[in-house]
Amino acid sequence: MRAVVHDKYGAPDVLRLEEVERPVAADDEVLVKVHATTVNRTDCGLRAAKPFITRFFTGLVRPKRQILGMEFAGEVEAVGSAVTEFAPGDDVFGVTGAGAHAEFVSVQEGGAIAQKPAGMTFEQAAAVCDGAGLALACLRDAVGPGRSILVYGASGSVGTAGVQLAKHFGADVTAVCDTKNLELVSSLGADRVVDYTQEDFTRNGETYDVIFDAVGKHSFRRSRRSLKPGGIYAETDLGFLWHVPLLALLTRRIGDKTVKLGITRHTKNDVLFLKELIEAGKYRAVIDRRYPLKDVVEATKYVETGQKTGNVVLTVNGESRP
Ligand SMILES: NC(=O)c1ccc[n+]([C@@H]2O[C@H](COP(=O)([O-])OP(=O)(O)OC[C@H]3O[C@@H](n4cnc5c(N)ncnc54)[C@H](OP(=O)(O)O)[C@@H]3O)[C@@H](O)[C@H]2O)c1
């Protein structure tokens with residue numbers, strides 16, 4: 001099969017399309033023929049081994065797993081002998097540790113995989129799980145009816161998910177983004193949109209129960225006075241020198257405003273929850289650009305500009321039927 005491989009860490013040019021051996025589904029695995037996948041910020045971080053500490057998990061000198069790619073949507077090609085939930089021909093979507101930048105990926109039946117939402121294309125379905133999983137990890141216990149939230153960086157993959165999920169959980173949502181994304185972010189359900197090129201939300205006197213930095217570009221220090229007493233500053237990025245986990249620990253003991261670091265372990269329950277939301281018309285994946293798998297280097301360079309709107313999709317087996 002064709003797959004994007006990398007055998008060393010580095011710039012996007014270390015990625016190359018190659019013929020590799022097709023995976024075989026183990027007893028508890030589903031072999032998925034991938035129609036679409038994405039390039040996300042985790043793929044970029046793992047490829048570049050940034051921050052350096054990721055090497056302790058992915059291989060100190062060179063990557064142990066040569067094929068990146070977490071999100072996938074496609075068709076079940078084969079199933080292992082113990083699999084009961086899926087059968088060949090099922091359309092599925094989900095997120096896995098690695099391996100989706102390829103024509104086939106094998107995924108554990110009990111992992112973050114489910115039947116593809118009805119009415120969604122493979123490209124749309126591939127762009128659902130990672131950003132939304134991260135946003136869920138930050139927001140699920142923090143927002144609800146009667147609570148106010150400000151989503152900073154509302155135009156990214158995590159941000160577009162955060163706005164929609166906060167709205168679904170019943171919160172009053174203020175979203176912060178660039179001028180060009182105001183309309184999009186309003187269309188996702190934000191009650192108010194702040195253009196960060198025109199207004200500094202920390203200086204307008206408004207306060208919130210939750211400030212969610214979905215893009216890792218703000219800080220607890222700068223947001224403190226915009227938080228209500230007992231407020232939560234939620235963040236997906238570990239921060240410079242990984243200081244965010246430390247702040248999360250400290251603020252649990254000191255002061256009345258806490259830092260929460262959202263770390264997701266993508267689960268089947270999350271994927272099923274998102275499928276239900278999509279089918280109820282309450283969630284949609286925002287796609288910025290689509291590239292064929294062979295243009296993965298170009299796609300990756302675009303993701304690394306830090307300016308994508310929502311998600312960047314790679315089309316793999318040329319299918320986009322709903
Ligand atoms: N905790 C984890 O396990 C984990 C895993 C993956 C990713 N992450 C983190 O999650 C974060 C978000 O990822 P993502 O894929 O959603 O990001 P992204 O899509 O790359 O975010 C880019 C978006 O953010 C906007 N933006 C850029 N600079 C901004 C600023 N200073 N203020 C406000 N908006 C800004 C950009 O629009 P404009 O430039 O037009 O404003 C663009 O729409 C990243 O920091 C990533 O490291 C965490």
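Note that the coordinates shown come from a computational prediction; the quantities given were computed from them, not determined experimentally. Each ligand, and each atom within it, is numbered from 1 in the order the structure gives. The analysis underlying the following values was restricted to heavy atoms, covering all of them including side chains, and did not include hydrogens, waters or symmetry mates.
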Review point. Does an N or O from Thr309, backbone or side chain, lie closer than 3.5 Å to an N or O of ligand 1?
Key: no

Practice item. Determine whether more than 12 heavy atoms belonging to other residues, nucleotides or ligands lie under 6.0 Å from atom CD of Glu276. Key: no

Practice item. Go through ligand 1 atom by atom and flag the ones less than 4.0 Å from a non-hydrogen atom of Thr42. Key: 5 (C), 6 (C)

Exercise for review: Kindly identify the option in Leu46, Val215, Leu261 whose heavy atom sits closest to atom 24 (O) of ligand 1.
Suggested key: Val215

Check your understanding: Would you say Leu134 touches ligand 1, if touching means a heavy atom closer than 4.0 Å?
Key -> yes

Review point. Any idea which atoms of ligand 1 are less than 4.0 Å away from a heavy-atom of Lys180?
Key: 38 (P), 40 (O)

Check your understanding: Under a 4.0 Å heavy-atom limit, does His218 contact ligand 1 with its side chain, its backbone, both, or neither?
Key -> neither

Review point. Which of the atoms of ligand 1 are close to Gln307, meaning less than 4.0 Å from one of its heavy atoms?
Key: 39 (O), 42 (C)

Point to revise | Minimum-distance protein heavy atom relative to atom 38 (P) of ligand 1 | key: Tyr196 OH, 3.6 Å

Review point. Looking only at distance, does Arg41 have an N or O less than 3.5 Å from an N or O of ligand 1?
Key: yes

Check your understanding: Between Lys308 and ligand 1, which part of the residue brings a heavy atom under 4.0 Å of the ligand: side chain, backbone, both or neither?
Key -> both

**Study point:** Worked check of side chain to side chain contact (heavy atoms under 4.5 Å, CB included) between Val61 and Tyr9
**Key:** CA-CA 8 Å; Val61 179; Tyr9 297 117; over 6 Å; no

Study note, to complete from the structure: When distances are taken from atom 1 (N) of ligand 1, the protein heavy atom at minimum range is Thr236 O, 2.5 Å

Check your understanding: Which heavy atom of the protein is the closest neighbour of atom 12 (C) of ligand 1, given with residue, atom name and distance?
Key -> Ala214 O, 3.0 Å

Point to revise | For Tyr152, atoms of ligand 1 separated by under 4.0 Å from a heavy atom | key: 30 (C), 31 (N), 32 (N), 33 (C)

Practice item. Count the heavy atoms belonging to other residues, nucleotides or ligands that lie under 6.0 Å from CZ of Arg62, then report whether that count exceeds 12. Key: no

Check your understanding: Run the salt bridge (charged side-chain N to carboxylate O under 4.0 Å, His left out) check on Asp172 and Arg192 step by step: do they pass?
Key -> CA-CA 9 Å; Asp172 180 82; Arg192 248 155 278 98; 2.9 Å; yes

Study note, to complete from the structure: Nearest non-hydrogen protein atom to atom 27 (C) of ligand 1, with distance, is Gly306 O, 3.6 Å

Review point. Can you name the closest pair of heavy atoms from Phe93 and Cys129 and give their distance?
Key: CE1-SG, 3.8 Å

Review point. For atom 28 (N) of ligand 1, which protein heavy atom lies nearest, and how many Å away is it?
Key: Lys217 NZ, 3.3 Å

Exercise for review: Search all heavy atoms of Asp43 against all heavy atoms of Thr38 and return the closest pair with its distance.
Suggested key: OD2-O, 3.3 Å

Point to revise | Distance from atom 45 (O) of ligand 1 to nearest protein heavy atom, with residue and atom | key: Asp237 OD2, 2.7 Å

Practice item. Evaluate side chain to side chain contact (heavy atoms under 4.5 Å, CB included) for Thr174 paired with Tyr208, printing each intermediate quantity in order. Key: CA-CA 9 Å; Thr174 300; Tyr208 306 90; 3.6 Å; yes

Review point. Do any N or O atoms from the side chain of Arg289 and from the backbone of Val313 form a donor-acceptor pair under 3.5 angstrom?
Key: no

Point to revise | Derivation of the side chain to side chain contact (heavy atoms under 4.5 Å, CB included) call for Lys308 and Ser157 | key: CA-CA 8 Å; Lys308 70 179 164 66; Ser157 170; 3.4 Å; yes

Review point. Going by the atom numbers of ligand 1, which of them fall below 4.0 Å from some non-hydrogen atom of Gly156?
Key: 16 (O), 19 (O), 21 (O), 23 (C), 43 (O)

Check your understanding: Should we count NZ of Lys282 as having more than 12 external heavy atoms under 6.0 Å?
Key -> no

Point to revise | Atoms in ligand 1 flagged as close to Ser155, the criterion being non-hydrogen separation under 4.0 Å | key: 23 (C), 25 (C), 36 (C), 37 (O), 42 (C), 43 (O)

Check your understanding: Which atoms of ligand 1 have any heavy atom of Gly262 under 4.0 Å away?
Key -> 1 (N)

